[in-house]
Trainee: 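Right, I'll just put the structure down here and ask away after.
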Amino acid sequence: MIKLGDYNTLRVVKHVDFGFYLDGGEAGEILLPQKYAPKDLSAGQEIEVFIYLDQEERPVATTEKPIAKVGEFASLEVAWINQYGAFLKWGLMKDLFCPFREQKQRMVQGRSYIVYIKVDEESYRLMATAKVEKYLLPAPNSNATPSAAVPDGSPSATIPDGSPSRMYKHGDAVDCLVWQKTDLGFKVIVDNRYQGQLYDNQIFRPLHSGDRLTAYIDHVRQDGKIDLTLQPTGRQQTLDFAEVLLRYLYENNGYCDLDDHAPSELIADRFKVSKKVFKKAIGDLYRRRLITIAPDGLHLQ
């Protein structure tokens with residue numbers, strides 16, 4: 001069985017004037033148009049292609065890579081809108097459809113939205129939905145009840161590759177997609193599976209919906225959601241920033257006018273870290289006898 005909306009490795013059956021036909025198994029022969037085929041491709045070879053549906057809803061292959069595939073979340077821009085819904089740019093010739101029923105609010109042409117990509121069970125068409133909460137799982141090392149959209153609680157229920165859940169521990173680095181602003185900070189999607197939260201007091205640089213970034217596990221809550229920080233936690237965080245502060249001193253004539261009494265806002269604006277991290281780094285450099293602390297600030301030894 002081919003995986004629609006995903007990458008497949010298929011064998012070339014034959015070459016025709018307008019492209020190559022690939023062996024799609026039960027789906028029959030699938031066309032790879034000539035413009036997407038490598039110059040040295042020939043019958044009998046295998047090639048990795050992305051399978052989607054053409055304008056007539058027939059499976060078609062391409063070597064182009066979309067922004068995201070089935071089972072993934074992404075920030076996609078609205079290309080155009082008709083009476084049925086919105087069509088999103090996702091890196092392929094045919095735009096991805098998001099019907100009005102799958103929109104949380106009416107989409108606007110030119111704006112970008114966080115969506116989940118799926119195969120519609122009724123029509124077997126590729127589709128985007130902005131109702132992403134339905135496709136987020138509780139983090140595995142919690143006592144949370146699995147989402148109603150995942151009746152057996154297994155990652156493979158919504159994650160097509162069926163890869164095992166990751167057991168998180170404090171300080172683990174994770175990939176995040178910034179989802180939406182809240183009164184507390186930003187909701188994010190962690191490792192394409194789980195809901196996370198970045199709190200305002202942990203954010204020291206501008207963030208926008210659709211940003212992709214690395215964050216660090218602070219705590220997995222009982223409801224299966226994950227609290228995150230933008231900086232490494234613990235001793236490693238102190239060591240990492242201590243080197244940043246030391247480099248700053250070398251590049252600024254051995255002087256920094258901020259010390260551990262400086263306002264947290266000034267520290268965050270200049271160094272993009274919390275006052276707690278800043279103070280720990282000062283203490284680390286002082287114990288290593290690399291700096292002195294004076295009334296006017298920090299000095300290299």
Side-chain angles (χ1 to χ4, degrees), residues 1 3-7 66-76 88 90 96 98-99 101-105 112-122 124-199 202-203 207 209-230 233:
M1 292 290 292
K3 295 183 291 183
L4 183 63
D6 206 336
Y7 296 96
I67 295 172
K69 62 181 184 178
V70 164
E72 293 183 343
F73 301 87
S75 176
L76 301 181
L88 313 178
W90 67 320
L96 183 65
C98 182
R101 71 174 185 273
E102 296 293 342
Q103 300 177 23
K104 298 174 70 174
Q105 59 187 42
S112 296
Y113 300 86
I114 303 297
V115 297
Y116 177 80
I117 301 173
K118 65 175 186 173
V119 177
D120 182 54
E121 294 181 358
E122 295 182 2
Y124 193 62
R125 295 175 180 174
L126 293 172
M127 179 183 297
T129 175
K131 298 177 180 180
V132 299
E133 297 93 336
K134 294 170 58 178
Y135 303 93
L136 291 168
L137 303 173
N141 49 338
S142 71
N143 296 319
T145 301
S147 164
V150 193
D152 65 355
S154 64
S156 60
T158 56
I159 307 299
D161 63 12
S163 57
S165 299
R166 175 180 173 183
M167 299 296 289
Y168 293 115
K169 62 180 184 297
H170 181 77
D172 280 350
V174 292
D175 294 321
C176 293
L177 172 64
V178 178
W179 176 11
Q180 65 185 62
K181 184 76 174 74
T182 71
D183 293 339
L184 299 176
F186 281 89
K187 288 182 181 179
V188 300
I189 297 171
V190 179
D191 283 345
N192 198 52
R193 295 188 179 190
Y194 314 115
Q195 181 174 327
Q197 178 74 47
L198 282 167
Y199 293 95
Q202 294 289 335
I203 299 172
L207 292 182
S209 178
D211 288 350
R212 290 191 179 272
L213 49 84
T214 298
Y216 301 88
I217 300 293
D218 182 45
H219 176 68
V220 178
R221 291 154 36 187
Q222 286 300 308
D223 62 2
K225 297 174 183 176
I226 304 172
D227 291 339
L228 301 153
T229 175
L230 287 180
T233 59

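All values reported here derive from a predicted model rather than from experimental measurement.
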Trainee: Name all residues meeting the salt bridge (Lys or Arg N to Asp or Glu O under 4.0 Å) criterion together with D191; count only those two or more places apart in sequence or in a different chain, and write none if there are none.
Mentor: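 D191 satisfies salt bridge (Lys or Arg N to Asp or Glu O under 4.0 Å) with R166 only.
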Trainee: So, using ring pair (Phe, Tyr, Trp, His ring centres under 6.0 Å) as the criterion, who are the partners of Y7 when residues are at least two apart?
Mentor: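 Expected list: F50.
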Trainee: Give the C-alpha distance, both sets of side-chain angles, the deciding distance and a yes or no for side chain to side chain contact (heavy atoms under 4.5 Å, CB included) between H219 and H170.
Mentor: CA-CA 6 Å; H219 176 68; H170 181 77; over 6 Å; no
Trainee: How far does OH of Y116 sit from NZ of K131, to the nearest 0.5 angstrom?
Mentor: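 Rounded to the nearest 0.5 Å, the OH-NZ separation comes out at 15.5 Å.
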Trainee: Do Y199 and D218 pass the side chain to side chain contact (heavy atoms under 4.5 Å, CB included) test, and can you show the C-alpha distance, the side-chain angles, and the key distance before you say yes or no?
Mentor: CA-CA 11 Å; Y199 293 95; D218 182 45; over 6 Å; no
Trainee: Not counting sequence neighbours, which residues clear side chain to side chain donor-acceptor pair (under 3.5 Å) with K118? List them please.
Mentor: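 Listed in chain order: Y135.
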Trainee: Quick one: CG on L88 to CE on M127, what's the gap to the nearest 0.5 Å?
Mentor: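 The CG atom of L88 sits 11.5 Å away from the CE atom of M127.
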Trainee: State, to 0.1 Å, how close A68 and F73 come at their nearest heavy-atom pair, and which atoms those are.
Mentor: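 Answer, listing the atom of A68 first, then F73: CB-O, 4.4 Å.
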Trainee: Using every non-hydrogen atom in the two residues, find where C98 and A130 come nearest and quote the distance to one decimal.
Mentor: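 In terms of heavy atoms, the two residues are closest at SG-N, 4.3 Å.
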Trainee: Would you check if the side chain of E72 reaches a backbone N or O of K69 as a donor-acceptor pair within less than 3.5 Å?
Mentor: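 Checking the backbone N and O of K69 against the side chain of E72, a donor-acceptor pair under 3.5 Å is found.
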Trainee: Could you walk me through whether L126 and L4 pass the side chain to side chain contact (heavy atoms under 4.5 Å, CB included) test, one step at a time?
Mentor: CA-CA 8 Å; L126 293 172; L4 183 63; 3.9 Å; yes
Trainee: Just jot down the side chain to side chain contact (heavy atoms under 4.5 Å, CB included) partners of K181, sequence neighbours excluded, or say none.
Mentor: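 Once residues adjacent in sequence are excluded, the partners of K181 under the side chain to side chain contact (heavy atoms under 4.5 Å, CB included) criterion are F186, D200.
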Trainee: If you measure from CD1 on I189 to CD on Q180, what distance do you get to the nearest 0.5 Å?
Mentor: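 Between I189 CD1 and Q180 CD, I get 9.0 Å after rounding to 0.5 Å.
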Trainee: Holding to side chain to side chain donor-acceptor pair (under 3.5 Å), I want the full list of residues that pass it with S75, two or more places apart in sequence or in another chain.
Mentor: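 Applying side chain to side chain donor-acceptor pair (under 3.5 Å) to S75 gives none.
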Trainee: Rounded to the nearest 0.5 Å, how far does CG of L136 lie from CD of Q195?
Mentor: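 Rounded to the nearest 0.5 Å, the CD-CG separation comes out at 6.0 Å.
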Trainee: W179 and I114: which non-hydrogen atoms are nearest, and at how many Å?
Mentor: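 For W179 versus I114, the nearest heavy atoms are O-CG1, 3.8 Å.
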Trainee: So, taking the atom named CG in L213 and the one named CG in L230, what distance separates them when rounded to the nearest 0.5 Å?
Mentor: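 Answer for the CG-CG pair, L213 versus L230, is 6.0 Å.
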Trainee: Got L198 and L228 here, is their nearest side-chain heavy-atom distance under 4.5 Å?
Mentor: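 Contact flag for L198/L228 side chains = yes.
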Trainee: What residues, two or more places apart in sequence or in another chain, satisfy side chain to side chain donor-acceptor pair (under 3.5 Å) together with D175?
Mentor: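 Residues passing side chain to side chain donor-acceptor pair (under 3.5 Å) with D175: none at all.
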Trainee: Please give me the minimum heavy-atom distance between Q197 and V188, naming the atom from each residue.
Mentor: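 Minimum heavy-atom contact is N-CG2, 4.2 Å.
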Trainee: Could you go through the side chain to side chain contact (heavy atoms under 4.5 Å, CB included) check for R221 and D227 one step at a time?
Mentor: CA-CA 7 Å; R221 291 154 36 187; D227 291 339; 3.3 Å; yes
Trainee: Looking only at heavy atoms, what is the nearest atom pair of A128 and P99, with distance?
Mentor: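 Shortest heavy-atom separation between A128 and P99 comes out as O-CD, 4.0 Å.
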Trainee: Roughly how far apart are W90 CH2 and I67 CD1, rounded to 0.5 Å?
Mentor: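 The CH2 atom of W90 sits 10.0 Å away from the CD1 atom of I67.
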Trainee: Should the pair E133-K104 be classified as a salt bridge under the 4.0 Å nitrogen-to-oxygen rule?
Mentor: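 The answer is yes: the pair qualifies as a salt bridge.
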Trainee: What are the two closest heavy atoms between G210 and L177, and how far apart are they?
Mentor: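 Of all heavy-atom pairs spanning G210 and L177, the closest is O-CD1, 3.6 Å.
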